[in-house]
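Below is one structure, written out as C-alpha cells; comments come after it.
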Amino acid sequence: MGQLLVGALAVAWPPLTPATPKDNGGGQLPKAVVDGADGCHPDGMEEAEDRLSLPRPRWANAEVAVWGGAGEDDLALAGGYLRVAEIAARHWIARGPDDLLPLPILYNYRHSVELSLKWLIRKAAQCALREGYAGEEDLSPDQLDKRLRTHNIRRLADCLNRYLALLDLPKVEQRIDPESWSQLNWLDSEDATGETFRYAVVGHGAGRAPARPVQQNVNFYEQVNELHKLAHLLWGGYSAHLGEYENWQIEYLEAIGMAGY
C-alpha cells in the first residue's frame with residue numbers, strides 16, 4: 001500500500017523562513033516585531049524583558065482561533081499535531097541542535113500517528129459494515145470506543161490490520177505496508193504507553209522509574225525523519241486511500257439501488 005499512497009502525500013507546507021517585517025502603514029514596524037540586528041524592539045525594549053508576552057498578530061482577526069464542530073475528528077487533530085511537530089523539527093534543523101526540543105517533537109509526531117491510526121480504524125470499520133460484514137469482530141461504535149481507549153501503538157496497528165483484512169481490497173493493501181509496520185514497531189518499543197516522550201519519570205507506585213536513566217547521544221535527525229515520513233503516510237496517504245474506497249462503496253451502492261437490485 002505504501003507505493004500506492006505516495007502520490008497522496010504532496011502536502012507542501014511553507015518552509016520556516018523568517019518573515020520579512022512590514023510596516024503598519026505609518027512607516028513604523030509594529031512593536032511586537034523584533035529587530036534582528038540588535039535583538040531589541042523598535043521602542044527600545046530589550047527582547048529578554050518581553051519574553052512573558054507573545055507578539056500580537058498584525059491583524060486583529062488573526063487573533064481568533066476556530067475549533068470544534070462537525071469537522072473536528074481524530075484525523076483533523078492528527079494533522080494539527082503533525083504540523084506542530086514538523087514546524088518544531090524544521091526549526092531544530094535550521095537553527096542548530098537544541099536538546100530541549102527532540103522529546104517534545106517526538107511526542108507530537110507520536111500523537112499524530114496515534115490519532116491517525118484511530119481514525120483509520122473507525123473508517124475501516126464503517127467500510128466493513130457498509131459491505132455487510134457480520135463476522136466475529138464487534139464493529140459497533142460503542143465497542144470501537146472501548147477498543148480505542150488505549151495509547152498503545154502496537155495494539156492500534158494490529159487492530160487496523162485486522163480491519164483492513166475485512167475489506168474488499170487487493171491482498172497487498174489488506175495490511176499496513178512493511179516499512180510502516182517496522183516504524184510502528186520501533187515507535188511502540190520507544191514509547192509503548194504514550195508517556196515516555198512526555199515525562200521524565202514514568203510508571204506508577206513501585207514501578208516508577210526514570211524514562212531515560214542513562215544519557216545517550218542519538219542521531220535524532222534519522223529518527224525524526226523516519227517518523228516524519230510515517231506520520232505523513234498515515235495522515236495523508238492511508239486516510240486518502242480509505243476515503244476513496246469509501247466513496248467508491250457509496251457510489252456502487254447508489255448505482256445498485258438505482259438499478260433496482
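Quick caveat: nothing in here was measured; it's all calculated off a predicted structure.
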* To do: For the pair K118 and D74, find out whether any cationic side-chain nitrogen is under 4.0 Å from an anionic carboxylate oxygen.
  => no
* Answer yes when R83 and E86 have at least one side-chain N-carboxylate O distance shorter than 4.0 Å, and no when they do not. => no
* Are Q126 and K123 side-chain neighbours, meaning at least one heavy-atom pair lies under 4.5 Å? -> yes
Mind listing the side-chain donor-acceptor pairs of residues 197-209 below 3.5 Å, one per line with the distance, residues two or more places apart or on another chain?
residue, atom, partner, partner atom, Å
R198, NE, G194, O, 3.1
R198, NH2, G194, O, 3.3

* Relative to the ring of W248, is the ring of Y245 parallel (under 30°), tilted (30 to 60°) or perpendicular (over 60°)? -> tilted
* side-chain contact (heavy atoms from CB on, under 4.5 Å) between I153 and N185, worked out -> CA-CA 8 Å; I153 295 293; N185 278 322; over 6 Å; no
* Asked: Would you call E190-R110 a salt bridge at under 4.0 Å N-O?
  -> no
* Which residues satisfy the ring-ring contact (aromatic ring centres under 6.0 Å, His included) test with W92, sequence neighbours excluded? -> F220
* Could you check whether the rings of Y107 and H111 sit parallel, tilted or perpendicular, using 30° and 60° as the cut-offs? => parallel
* Salt-bridge present (E137, R147; N to O < 4.0 Å) -> yes
* S140 versus D142, side-chain donor and acceptor atoms under 3.5 Å -> no
* Hey, are Y238 and D177 close enough side-chain-wise for a donor-acceptor pair under 3.5 Å? -> yes
* Structure fact -> Joining Ile, Leu, Val, Met, Phe, Trp and Tyr whenever any side-chain heavy atoms lie under 4.5 Å apart, the cluster holding W59 also takes in none
* Quick one: do the H241 and E173 side chains pair a donor with an acceptor below 3.5 Å? -> yes
